[in-house]
Trainee: 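Could you have a look at this structure, given as structure tokens, before my questions?
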There are 2 protein chains.
Amino acid sequence: MKREDRKQAIMDLLVSNGAVDLDDLAQRFTVSKMTIHRDLDDLETAGVMRKIRGGGTIDAGTQFESDFRFRAQQDRDAKNAMAETALTLIEPGMTVMINDGSMAATLGARLPERRPLTVITNNAAILESLKNETGITLIATGGVYSAKFNGYFGMMTEAALTALRADVAFISAPAVSGLEVFHMNETVVRAKRAMIAAGAKTYLLVHHNRFGRTALHKLADLSEFDAVITDAKPDADSLTAIDQANLKLTFAVTQGIKST
Amino acid sequence: MKREDRKQAIMDLLVSNGAVDLDDLAQRFTVSKMTIHRDLDDLETAGVMRKIRGGGTIDAGTQFESDFRFRAQQDRDAKNAMAETALTLIEPGMTVMINDGSMAATLGARLPERRPLTVITNNAAILESLKNETGITLIATGGVYSAKFNGYFGMMTEAALTALRADVAFISAPAVSGLEVFHMNETVVRAKRAMIAAGAKTYLLVHHNRFGRTALHKLADLSEFDAVITDAKPDADSLTAIDQANLKLTFAVTQGIKST
DNA sequence: AAAAACAACATTATATTTGTTATTTTGTTA
DNA sequence: TAACAAAATAACAAATATAATGTTGTTTTT
């Protein structure tokens, strides 16, 4: 097992348990404590966890859990599956709009599979990954950089989006409750709204365990989207609400795609 | 001598001679021809030169010479010296505007020395290097990405700049002739002009050997700038013209700074 | 006082760089 | 255009550099 794999495994344990024990990790991976110390130091420097005496923690509910560097490590399989599904909705030649977030970044990195494309985004990770791709006309919205969301936001971003139109817009969100979509940050909400308004077709990308949650600001109604892409069946209540409203839910699974 | 140093040295030879000979390089660095082959392959992949039978060339006047990856390798000492001088014009708390180009990128990377700052730029290299800096409010203009200039340009960029103001704007340019400043690309010229208009103070950064040259599009008059920063005395004709017009020329030298 | 964290060094493992040799390609010219 | 020589490439082996890990001894924390 290589160092990077071990660090990823520690991340997984942190995600599921919220904390890890140093002695336990050393035993589990059959390496010395010193090595685990160094792993944890790295992860701490990267800003994805905090070292405490005898181990480490992600301090659920604090800055760490909402940091993009942490979120980028989570649920990679689910994100890849959703990206796979989203790609089927994209045809070469289209103008694609794509928002902030690590889900969007996963999709963004795979957009070259459908080139040529025009890609509009405020997502710094996507700008970086598409810069050197040929056949991609890359348009940045501009705005004030947010280290927390690794993207560009604010009045400038919204103004730029007002003047643009896309064939398809992909919006990701951390919370869906009933028939409403939520996000914790007002500035981010405004950028996402502007993108929804600018897309001829709009698709929502949500991890299945984000159904039944809310956040401070309402982002949109589910009915504003042409389809919702998720990675597995959400809880029963959400499913019922969606069915009754006659909305389309698309499931992306690692071994293929099925749809209702 | 390490590989990277040798490649830089090959770049220097390419800049001064326009071409290099494979056998000569192998002898000069006392390595095998195979090693030189690999160096040249790397440089070619990076897009900074072209391999030809028996050696390599930069094909002066072609795409290669104007490619940002190539330019970024050139005159690093001069660029650092000019950046040093430019930094003396920046006070903590200011809003700094800074344009595309490798000279600007060199300065951009050192802006944290004057934090806190607000930095407005369309330069992708600067966005990347300042993203993770605290105390820097980073604003991207947005626009269409240009791989050739490694920045964002176009109507969006110009519109965004129209709505912004900065305490100081740093403009770089590849050609100054008489009392006029030039650039080969119209779109780039428009972005630079918008920045000049948006800066309370504006400074021009030019390598001394770029005096006495022209390019297709006029960018500005020298008199529009509060000062011109360069790395050494330009040719006599340019110097005379500048003196007669009573403009300020600031010399940045590696061992310190002197000014006229 | 005991446990954990840290620092410094030694050791091992991995990755990178380089050279050698054999093979293929390219350009030249008879 | 056939044949040759030079150059380029590919494949492997050797050397070098870098990264990862463990050990030991010291310092810090509880």
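Residue numbers start from 1 in every chain, and the chains themselves are labelled A, B, ... in the order their sequence lines are given, proteins ahead of strands.
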Trainee: For a quick check of understanding: with a heavy-atom distance under 4.0 Å over all strands, which category does A:Ile36 fall into, base, sugar-phosphate or nothing?
Mentor: nothing
Trainee: For the pair made of NE2 in A:His37 and P in D:dA20, what is the distance, rounded to whole Å?
Mentor: 18 Å
Trainee: How about A:Leu107 and A:Ile98: do any of their side-chain heavy atoms sit closer than 4.5 Å?
Mentor: yes
Trainee: Report the nucleotide, chosen from D:dT9, D:dT23, C:dT20, that has the shortest atom-to-atom distance to any side-chain atom of B:Asp41.
Mentor: D:dT9
Trainee: What's the CG-P distance between A:Asp39 and D:dG22, to the nearest Å?
Mentor: 10 Å
Trainee: Looking at C:dA4, D:dA8, C:dA7, which one has an atom nearest to any side-chain atom of A:Met34?
Mentor: C:dA7
Trainee: Separation of B:Gln27 atom CD from C:dG19 atom C1', in whole Å?
Mentor: 17 Å
Trainee: Any idea which heavy atoms bring A:Tyr152 and A:Gly143 closest together, and the distance?
Mentor: CD2-O, 3.4 Å
Trainee: What pair of heavy atoms forms the shortest contact from B:Lys192 to B:His183, and how long is it?
Mentor: CE-CD2, 3.8 Å
Trainee: Can you measure A:Asp5 atom CG to D:dA19 atom P for me and round it to whole angstrom units?
Mentor: 18 Å
Trainee: Return the nearest nucleotide to the side chain of B:Arg3; candidates are D:dT9, D:dG22, C:dT17.
Mentor: C:dT17
Trainee: Could you measure the distance from the CZ atom of A:Arg38 to the CG atom of A:Leu40? Nearest 0.5 Å is fine.
Mentor: 12.0 Å
Trainee: Report yes or no: is there a donor-acceptor pair, N or O only, under 3.5 Å between the side chain of A:Arg53 and the base of C:dA3?
Mentor: yes
Trainee: What's the closest nucleotide to the A:Ser32 side chain, out of C:dG19, C:dA4, D:dT23?
Mentor: D:dT23
Trainee: Looking at B:Ser129 and B:Ala109, what are the two nearest heavy atoms and their distance?
Mentor: OG-CA, 4.0 Å
Trainee: For the helix from C:dA1-D:dT30 to C:dA30-D:dT1, how many degrees between its two end axes (five pairs per end), to the nearest 10°?
Mentor: 40°
Trainee: Between B:Lys51 and A:Lys2, name the one whose nearest nucleotide on DNA chain D is closer to the 5' end.
Mentor: B:Lys51
Trainee: In whole angstrom, give the distance that lies between atom CG of B:Leu25 and atom P of C:dG19.
Mentor: 13 Å
Trainee: Measure from the side-chain heavy atoms of A:Asp23 and tell me the nearest of D:dA7, C:dA4, D:dG22.
Mentor: C:dA4
Trainee: Does a side-chain N or O from A:Thr35 land closer than 4.0 Å to OP1 or OP2 of D:dT21, or not?
Mentor: no
Trainee: Expressed in angstrom and rounded to an integer, what is the separation of A:Lys33 atom NZ from C:dA3 atom C1'?
Mentor: 8 Å
Trainee: To the nearest Å, how far apart are B:Asp42 CG and D:dT9 P?
Mentor: 13 Å
Trainee: OP1, OP2 of D:dT21 versus side-chain N and O of A:Arg6: anything below 4.0 Å?
Mentor: yes
Trainee: Rounded to the nearest 0.5 Å, what's the gap from CE on A:Met97 to CG on A:Asn122? Could you check?
Mentor: 9.5 Å
Trainee: Counting neighbours of CD on A:Gln27 that are heavy atoms of other residues, nucleotides or ligands and sit closer than 6.0 Å, is the number greater than 12?
Mentor: no
Trainee: Between C:dT18 atom C1' and B:Phe29 atom CZ, what is the distance in whole Å?
Mentor: 15 Å
Trainee: Exactly one of A:Asp12, A:Asp39, A:Asp42 should register a salt bridge (Lys or Arg N to Asp or Glu O under 4.0 Å) with A:Arg6. Which one does?
Mentor: A:Asp39
